[in-house]
Amino acid sequence: MRGVLLEITFDPNALRYLGPVSPLLTETHLEAGRVRLAGVAYHALSGEVLRVRFQALKPGARPEAHLLETEALQATLSWEEAGLTPQGHVVSQSYTPLPGVSQGEVDPAFAQNPLGDLNASGSVGLTDALLLADLLTGAATPNPYRRYHADLDSSGYADEQDLVRLLRKVVNPNLGAGLEVAPLALSLNPGESALVLVGNSGNGPLPAVTFQAPSGLAVQDDTPSGYAGKVYRVTANQGVDQGAIRFSAGSAGSRAVAVNSTAPDFLLSLEGTPSAPVGGQAQAVLHLTPLLGFSGPVNLSLVNPPPGITLSPTTITLNGNPISVPLTLALDPNLSPQDYPLTLRAEGGSRVREVGFTLKATDFSLGGDTALTLPWEGTGSLQVALTPLNGFNTPLLLTLERQDGTPLPPGLSLASPSLPASGGPVALQVANPPPGTYPLRLKATPQGGGATRSWDFTLTVTYAADWRVELSWTAGADLDLHLFYPDTPAAQHIYWNNPGTCPPAGAACLEGDTPQGPGQETLRFVYQGGAYRVYVHWYFGGGSWNTSGGQVKVYNANHLVASFPAPTISDGYNTWWHALTVDGTGVHPGSGASSVQPQGLGLSPLSLPRKGR
């Protein structure tokens, strides 16, 4: 006796199945009222080789046994109420595991029959198990076909565990599908291909097979119609080091096939997500790892990039050691802000590597106030709205210029040279440019580089409200400053007998009186609209204006605005010099010297009191 396939049926209410006793290598499958047993021996046995035990639950109950398949000179069945253990015995038997099929031995015709069909009969049965036992002991000659079908657990070799799995497949018609692959390793250089066979170690239908392959490998289903297994052709488009193809089939599990190159090669990878404003430069870290002694130049390029994206460096030399270098992508200022799927290609020797990545190009636009009015020595904010495009999030560097490109007026500057990516107020400082209207342009450039965007606005510069008038003279006479400024209902008059209150507490004042020259006097006032007239009265002493050395200087926000020398006339005592007028448009020269007393708005001629001397 070498092997047996036995089916026993029984009444579960009358008999309880207790199990087999046998020197055979056995597998059983039990269902309700039915048990199937398969057993094999490495060498022929004599005498009783299998005893199946039941417990009688009802008197007289017996099972029915049927020999489905045997490998024996003679096989008989008998029933005993009790008895001895089987008399056959197995001599300790050693066996040698068989290597699975290798890459060069694979034939697509191997997949025509179910996995485990070692005798190529078209089905899996007891004779296949006996053949596997003979292969393990050396009693049968292994060939690539048999070695492929003998490895039922994708371990890379056939052993007694595979014999058990084969018996399990024989006795259990409902054995669930199990995905198995061979060979387990491929060695491919670019341009080479090899076959992978996918088999089913179970009896259930194999679910749909899917696979995942590393970059550089193409996998194609080449299964002929009517085959029990599947045939896949793997082609290397580039060198692969320590890669793997993973085949999966749902509940049937998954298996991996290792793939490696045999010629010098290199690995390519990118670290980081390159992102930059248009007009700037995006960066990632490029890693190149030589394999199997690869050395020499590697040329870098982008595969079909859109216009406006350039790459550097374009060549890197490997000397057998891994290298990491910055990879720079320059973005044209006119590039559209969006995500660009790109492919980096590295070519060295006969090897071509590619890696995909996404470049994020961002941009922004400006908006906000179109007009701003500021006085001398004033600071104000231009509200600037920034609209980010495609995730722009970069602080901006700011500059200011005239719209016509001429130099910026002196005394005009930005309080801060930067702006956050969220936009906001842009503060401008005004020192003392000539008052007027200036068409200006605010220019913003992303920090680190990028396209410059601009915003045009109009700045109106006015005089500050604070004014100061200084009178100085060298003659020995007594000259006095007088200020006439409008108010409601009557004109205001500031002079030595009515010095007023200095700003900020008051509207105007005279800061002291010099009764005899050489001397100096100062008027201060806060402009509140209308015309402010400044006079100098020759109050006492001899001499004339043309020899007085007199001069009036006008300051706004502490900046000298104008200077007026005394009239060049020979008159002096008790005459009035209208030096200047300040109104909403600035400083204007007065009407000169006259013996006529100045008049305020609706006032009678001024009669000044005499100073006590």
Side-chain angles (χ1 to χ4, degrees), residues 96-118 120 132 135-136 140-159 161-162 165-166 178-201 206 209-224 227-249 252-267 291-294 349-353:
T96 302
L98 297 174
V101 67
S102 66
Q103 174 180 336
E105 297 173 314
V106 172
D107 187 322
F110 294 177
Q112 183 175 2
N113 298 321
L115 187 65
D117 182 11
L118 279 76
L132 178 51
L135 290 170
L136 294 175
T141 302
N143 58 37
Y145 175 87
R146 289 174 174 178
R147 287 190 284 113
Y148 165 69
H149 281 277
D151 183 11
L152 277 78
D153 58 4
S154 294
S155 64
Y157 54 86
D159 57 12
Q161 294 297 320
D162 293 292
R165 293 178 71 92
L166 184 53
L179 183 141
E180 313 297 339
V181 298
L184 296 178
L186 299 177
S187 181
L188 295 174
N189 286 327
E192 297 177 344
S193 64
L195 297 178
V196 174
L197 305 182
V198 174
N200 182 1
S201 60
L206 189 67
V209 177
T210 60
F211 56 84
Q212 292 178 322
S215 175
L217 292 181
V219 181
Q220 179 179 348
D221 187 345
D222 280 355
T223 307
Y227 272 33
K230 298 188 74 64
V231 180
Y232 290 91
R233 181 170 296 277
V234 180
T235 302
N237 298 320
Q238 62 186 43
V240 177
D241 180 71
Q242 298 180 351
I245 306 170
R246 179 166 295 276
F247 292 90
S248 300
S254 62
R255 298 288 186 181
V257 176
V259 183
N260 291 278
S261 297
T262 59
D265 202 348
F266 59 89
L267 295 178
L291 304 173
L292 303 174
F294 182 94
S350 61
R351 300 293 178 259
V352 178
R353 291 277 192 173

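Residues: numbered from 1 along the sequence shown.
By the 4.5 Å heavy-atom criterion applied to side chains, Asp221 and Val209 are not counted as neighbours. Side-chain contact between Ser201 and Leu166 is absent, with no heavy atoms from C-beta onward closer than 4.5 Å. Residues Leu115 and Asn200 are not in side-chain contact: their nearest non-hydrogen atoms beyond the backbone lie 4.5 Å or more apart. Side-chain contact check for Leu188 versus Gln103: some heavy-atom pair is nearer than 4.5 Å. Counting heavy atoms from C-beta outward, Ile245 and Val196 have side chains that stay 4.5 Å or more apart. Side-chain contact between Leu197 and Val101: absent, with no pair of heavy atoms (C-beta onward) separated by less than 4.5 Å. Two residues are said to be in side-chain contact when any heavy atoms from C-beta on lie closer than 4.5 Å; Leu152 and Glu180 fail this criterion.
Here the closest non-hydrogen pair linking Arg246 and Ala256 is NH2-CB, 4.2 Å. Residue Gly293 comes nearest to Pro264 through the heavy atom pair C-CB, 4.4 Å, listed as atom of the first residue, atom of the second, then distance. For the pair Tyr227 and Ala109, the tightest heavy-atom approach, listed with the atom from each and the gap, is OH-CA, 3.7 Å. Across every non-hydrogen atom of Ala228 and Pro114, the tightest pair is CB-N, 3.6 Å. When every heavy atom of Gly199 is checked against every heavy atom of Leu206, the shortest pair comes out as O-CD2, 4.5 Å. Pro183 approaches Leu186 most closely through the heavy-atom pair CG-CD2, 3.8 Å.
Here OG1 of Thr96 is found 11.5 Å from CG of Asp159. Values are rounded to the nearest 0.5 Å. Taken to the nearest 0.5 Å, the CZ atom of Phe266 stands 5.0 Å off from the CZ atom of Phe294. We find the OH-CG distance between Tyr157 and Leu184 to be 10.5 Å, quoted to the nearest 0.5 Å. In this structure, CG in Asp162 is found 5.0 Å from CG in Asp151, a value given to the nearest 0.5 Å. Rounding to the nearest 0.5 Å gives a distance of 10.5 Å between NZ of Lys230 and CG of Leu179.
Atom CD of Gln212 sits in a sparse spot, with 12 or fewer heavy atoms from other residues, nucleotides or ligands closer than 6.0 Å.
The side chain to side chain donor-acceptor pair (under 3.5 Å) check on Ser187 picks up nothing, with sequence neighbours excluded.
Side-chain atoms of Arg255 come within 3.5 Å of backbone N or O of Asp153 as a donor-acceptor pair. No donor-acceptor distance shorter than 3.5 angstrom exists from the side chain of Ser248 to the backbone of Thr210, with no hydrogens or angles considered. In this structure, Asn143 contributes its side chain and Arg146 its backbone to a donor-acceptor pair below 3.5 Å.
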Would you please test Tyr145 and Asn113 for side chain to side chain donor-acceptor pair (under 3.5 Å) and show each step?
CA-CA 10 Å; Tyr145 175 87; Asn113 298 321; 2.9 Å; yes
Step by step, work out the side chain to side chain contact (heavy atoms under 4.5 Å, CB included) result for Arg351 and Asn189.
CA-CA 9 Å; Arg351 300 293 178 259; Asn189 286 327; 3.8 Å; yes
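Ring planes of Phe247 and Phe211: tilted class, angle from 30 to 60°.
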